[in-house]
Amino acid sequence: MQKLKDELIEKAKHPSTTYFQMTEIYKQMRQINIEIQNIKRTANDQKKQSV
């Protein structure tokens with residue numbers, strides 16, 4: 001997921017990226033961040049249960 005996020009950041013930095021493309025990129029990045037948070041939260045919950 002981090003690789004995908006990095007690729008989106010590079011696309012956003014590209015000079016030919018339009019405003020609409022930029023908003024779509026940020027929507028995708030937000031979704032990735034939410035998924036990463038859910039994964040971390042799940043991992044933390046599992047650690048707490050195993051202790």
Side-chain angles (χ1 to χ4, degrees):
M1 270 195 231
Q2 186 62 44
K3 185 179 178 184
L4 178 60
K5 190 174 171 182
D6 292 342
E7 288 173 7
L8 290 172
I9 291 169
E10 286 305 311
K11 282 184 185 178
K13 288 181 181 178
H14 199 276
S16 65
T17 304
T18 64
Y19 178 77
F20 177 75
Q21 289 171 322
M22 199 77 121
T23 57
E24 290 301 309
I25 288 169
Y26 285 121
K27 283 181 192 174
Q28 290 175 8
M29 284 177 54
R30 185 167 175 263
Q31 196 61 38
I32 290 169
N33 286 335
I34 290 169
E35 289 180 36
I36 290 170
Q37 286 176 349
N38 287 339
I39 291 168
K40 287 180 181 177
R41 191 174 300 125
T42 303
N44 286 338
D45 289 347
Q46 288 175 351
K47 283 181 187 176
K48 289 178 184 175
Q49 289 175 357
S50 65
V51 172

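Only this structure's heavy atoms are used, side chains among them; waters, hydrogens and symmetry mates stay out. Numbers here are sequence positions counted from 1.
- Counting only heavy atoms from C-beta outward, the side chains of F20 and E24 approach each other to under 4.5 Å.
- For the pair I9/M29, a side-chain contact is recorded, criterion being any heavy-atom separation below 4.5 Å from C-beta on.
- There is a path of hydrophobic side-chain contacts, each under 4.5 Å, that joins M1 to L8.
- R41 and N38 share a side-chain donor-acceptor pair at under 3.5 Å.
- Taken to the nearest 0.5 Å, the CD atom of E35 stands 11.5 Å off from the NZ atom of K5.
- Counting only N and O atoms by type, the side chains of Q2 and D6 include a donor and acceptor under 3.5 Å apart.
- Residue K3 holds its NZ atom at 13.0 Å from CD1 of I32, rounded to the nearest 0.5 Å.
- Taken from CZ in R30 to CG in N33, the straight-line distance is 9.5 Å, to the nearest 0.5 Å.
- Not a single donor-acceptor pair under 3.5 Å links the side chain of T17 to the backbone N or O of M22.
- Atoms CD1 and CD, on I39 and Q37 in that order, are 10.5 Å from each other to the nearest 0.5 Å.
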